[in-house]
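Since the model is a prediction, treat every value here as computed from it, not as a measurement.
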Amino acid sequence: MPSGRSPRRWRRPTDVKPTQPTPGSGTPADGQPASGGQPGLARRLGVGDAVVIGLGSMIGAGVFAVWSPAARAAGSWLLLGLVIAAVVAYCNAASSAQLAAVYPVSGGTYVYGRERLGEWWGFAAGWCFVIGKTASCAAMALTFATYVIPDGWLQRPLALAAVVALAAVNYRGVTRTARLTRILVACTLAVLALVLILLFTAEPRHHLSTGTSLYGILQSAGLLFFAFAGYARIATMGEEVRDPARTIPRAVTFALVLAIGIYLLVAIALLRVLDPASTAAPLAAAVDSVGAAWANPIVRIGAALASLGALLALIAGIGRTALAMARNRDLPTWLAAVHPRFQVPHHAELALAVVVGILVLTVDLRGVIGFSSFGVLLYYAIANASAFTQPADQRRWPRAVNVIGLAGCVVLAVTLPWTSAVVAAAVLAAGLLVRRLRKGRAGSARS
């Protein structure tokens with residue numbers, strides 16, 4: 001595995017009281033300064049809250065929209081693509097949980113890569129996460145608007161309004177984020193339950209396209225991985241979780257298992273009644289095909305709520321990663337500010353809202369799933385490499401899990417649609433180049 005320098009040894013967070021900072025770790029206590037005199041974030045989330053935030057990220061717009069491009073790639077082997085995506089996601093989740101239990105601070109793999117592999121690997125992970133998930137924020141906002149207003153110029157203003165409203169919720173504190181996410185997840189699950197009942201009680205039909213290849217199956221797995229990527233949100237919010245060594249592994253595992261079960265049920269139900277590749281809104285088309293057109297508006301409402309839930313969790317996760325990068329001067333230090341009352345990275349979330357707002361007003365993001373998947377797969381490849389280097393006393397899973405996760409991420413990334421992969425790779429390279437130039441100027445100034 002790559003290694004830029006010798007990894008630093010942190011004391012395990014369980015060696016000290018949860019409300020006290022871990023000596024030598026840089027881990028802030030509840031609300032205490034983290035770095036540069038900035039206050040830390042408050043540890044307010046329990047297992048249930050963390051599970052809800054992770055589930056809200058995974059059971060988002062993907063469950064209503066990802067099936068069409070995945071089915072076009074995999075044909076009748078869609079379920080195999082889903083299983084491959086689930087296996088890779090599980091390995092990634094295990095690596096992330098194992099690392100988050102030892103490094104319970106904001107930033108996720110950005111922090112893990114820095115600590116285990118070196119600062120350049122950490123920066124690459126953080127930059128992949130920020131660019132991929134920022135694009136996903138815009139996609140979630142536009143998906144919400146599309147389901148609420150199928151056509152018309154009001155779609156983009158409505159998407160912008162959603163971004164502003166949810167950024168305001170996040171600004172008021174993480175407990176409000178968890179509370180609203182809980183409501184949105186409950187509504188989404190209720191709609192999915194209705195859809196599953198209608199489809200499983202209907203007469204089976206066979207409309208599957210059969211043509212496929214190994215490449216097509218792997219490409220579908222890469223696209224479906226987009227739907228599972230939300231469990232990272234729990235790890236990136238590690239600084240706000242109570243008893244992180246216990247809470248994060250449990251929450252990540254539980255949220256992912258629930259999400260995998262839901263996606264398998266939805267995939268099987270869809271394949272019973274139609275070819276998901278035939279429509280951009282397969283769940284809405286499926287209820288129509290079984291004579292339950294009355295449920296179509298309910299499905300649209302569910303998709304809109306799911307999009308809002310995913311957008312809410314994305315804003316929270318990106319804000320925390322940007323906070324961690326700014327603390328290390330990998331992003332402008334202005335982004336490292338933490339609100340003294342609400343204890344959230346308010347500058348980072350405001351900046352994110354501005355960028356996403358511009359995107360939803362100007363850019364067509366129909367191809368964003370591949371772009372986002374490429375960035376997130378590289379992010380998790382670094383997470384698996386980081387977990388591989390952990391010593392025995394920090395391990396919860398065998399190293400084989402890290403190896404499978406790393407290999408799976410690389411394979412799925414290179415089999416994504418080439419246009420998405422090339423654009424994402426170019427943006428990643430641009431970020432690395434800018435960092436190199438900044439480091440070079442800083443070195444010249446010191447000399």
Which heavy atom of L78 sits nearest a heavy atom of P276, and at what distance?
CD2-CG, 4.2 Å
Name of the residue among L198, L283, L194 meeting side-chain contact (heavy atoms from CB on, under 4.5 Å) with V299
L283
Go through the steps to decide whether I301 and V191 satisfy the test side chain to side chain contact (heavy atoms under 4.5 Å, CB included), and finish with yes or no.
CA-CA 8 Å; I301 292 172; V191 171; 5.7 Å; no
Minimum side-chain heavy-atom gap N328-Y110 below 4.5 Å
yes
First locate atom CG of L428, then atom OH of Y379, and finally report the distance between them rounded to the nearest 0.5 Å.
14.0 Å
Any side-chain heavy atom of R156 within less than 4.5 Å of one from L142?
yes
Can you tell me how far apart SG (C137) and CG (L314) are? Round to the nearest 0.5 Å.
4.5 Å
Does some side-chain heavy atom of H347 sit less than 4.5 Å from a side-chain heavy atom of V338?
no
Judged by atom type as modelled, is there a donor-acceptor pair below 3.5 Å linking the side chain of W77 to the main-chain atoms of L214?
no
Say whether, by atom type as modelled, one donor and one acceptor occur between the side chain of R399 and the main chain of Q390 under 3.5 angstrom.
yes
Does the S96 side chain pair with the main chain of A93, one donor and one acceptor, at a distance under 3.5 Å?
no
Which heavy-atom pair separates L199 from V287 by the least distance, and what is that distance?
CD2-N, 4.2 Å
Can Q98 and Q394 be counted as having a side-chain donor-acceptor contact under 3.5 angstrom?
no
Does I217 offer a backbone N or O that forms a donor-acceptor pair with the side chain of S220 under 3.5 Å?
yes
Could you report the tightest heavy-atom contact between V360 and A159, atom names first, then the distance?
CB-CB, 4.1 Å
Over 60° means perpendicular and under 30° means parallel, so classify the ring planes of Y380 and F225, tilted if in between.
perpendicular
Can you tell me how far the CZ atom of R395 sits from the OG1 atom of T389, to the nearest 0.5 Å?
8.5 Å
Would W67 and Y263 count as having a side-chain donor-acceptor pair, cut-off 3.5 Å?
no
Look up atom CG in L271 and atom CG in L82, then write down how far apart they are to the nearest 0.5 Å.
9.5 Å
Straight-line distance of L258 CG to I262 CD1, nearest 0.5 Å:
6.0 Å
Are E115 and V102 close enough, and set up right, to give a side chain to side chain contact (heavy atoms under 4.5 Å, CB included), and what steps lead you there?
CA-CA 11 Å; E115 295 299 323; V102 180; over 6 Å; no
Derivation and outcome, side chain to side chain contact (heavy atoms under 4.5 Å, CB included), residues I382 and L378:
CA-CA 6 Å; I382 296 172; L378 293 185; 5.7 Å; no
Any pair with a residue in residues 297-306 that passes side chain to side chain donor-acceptor pair (under 3.5 Å), sequence neighbours left out, goes on the list, sorted by first then second residue, please.
N296-R300
Assess the residue pair T134 and L359 against the criterion (side chain to side chain contact (heavy atoms under 4.5 Å, CB included)); give the C-alpha distance rounded to whole Å, side-chain angles, the decisive distance to 0.1 Å, and a yes or no.
CA-CA 9 Å; T134 298; L359 289 176; 4.1 Å; yes
Sequence neighbours excluded, the answer for salt bridge (Lys or Arg N to Asp or Glu O under 4.0 Å) partners of D330 is R114, R435
Between F123 and W120, how do the two ring planes meet: parallel, tilted or perpendicular, split at 30° and 60°?
perpendicular
Can you find a heavy atom in the side chain of F144 that is under 4.5 Å from one in the side chain of V148?
yes
Heavy-atom pair of closest approach, residues L412 and T415:
O-OG1, 3.0 Å
I need the minimum non-hydrogen distance between L335 and A351, along with the two atoms involved.
CD2-CB, 3.8 Å
Determine the interplanar angle of the Y90 and W397 rings, folded into 0 to 90°, and report it as parallel if under 30°, tilted if 30 to 60°, perpendicular if over 60°.
perpendicular
Please check this pair: side chain of T109 against backbone of Y112, looking for a donor-acceptor N/O pair closer than 3.5 Å.
no
Residue pair G357 / V163: nearest heavy atoms and the distance that separates them
N-CG1, 4.4 Å
So, do C409 and N92 sit near enough that their side-chain heavy atoms are less than 4.5 Å apart?
yes
Does the side chain of P398 reach to within under 4.5 Å of the side chain of V401, using non-hydrogen atoms?
yes
Do side-chain atoms of Q219 reach the backbone of A74 as a donor and acceptor pair under 3.5 angstrom?
no
Below 4.5 Å, heavy atoms only, C-beta onward: do S373 and L224 meet side chain to side chain?
no
Separation between NZ of K133 and CG of L311, rounded to the nearest 0.5 Å
12.0 Å
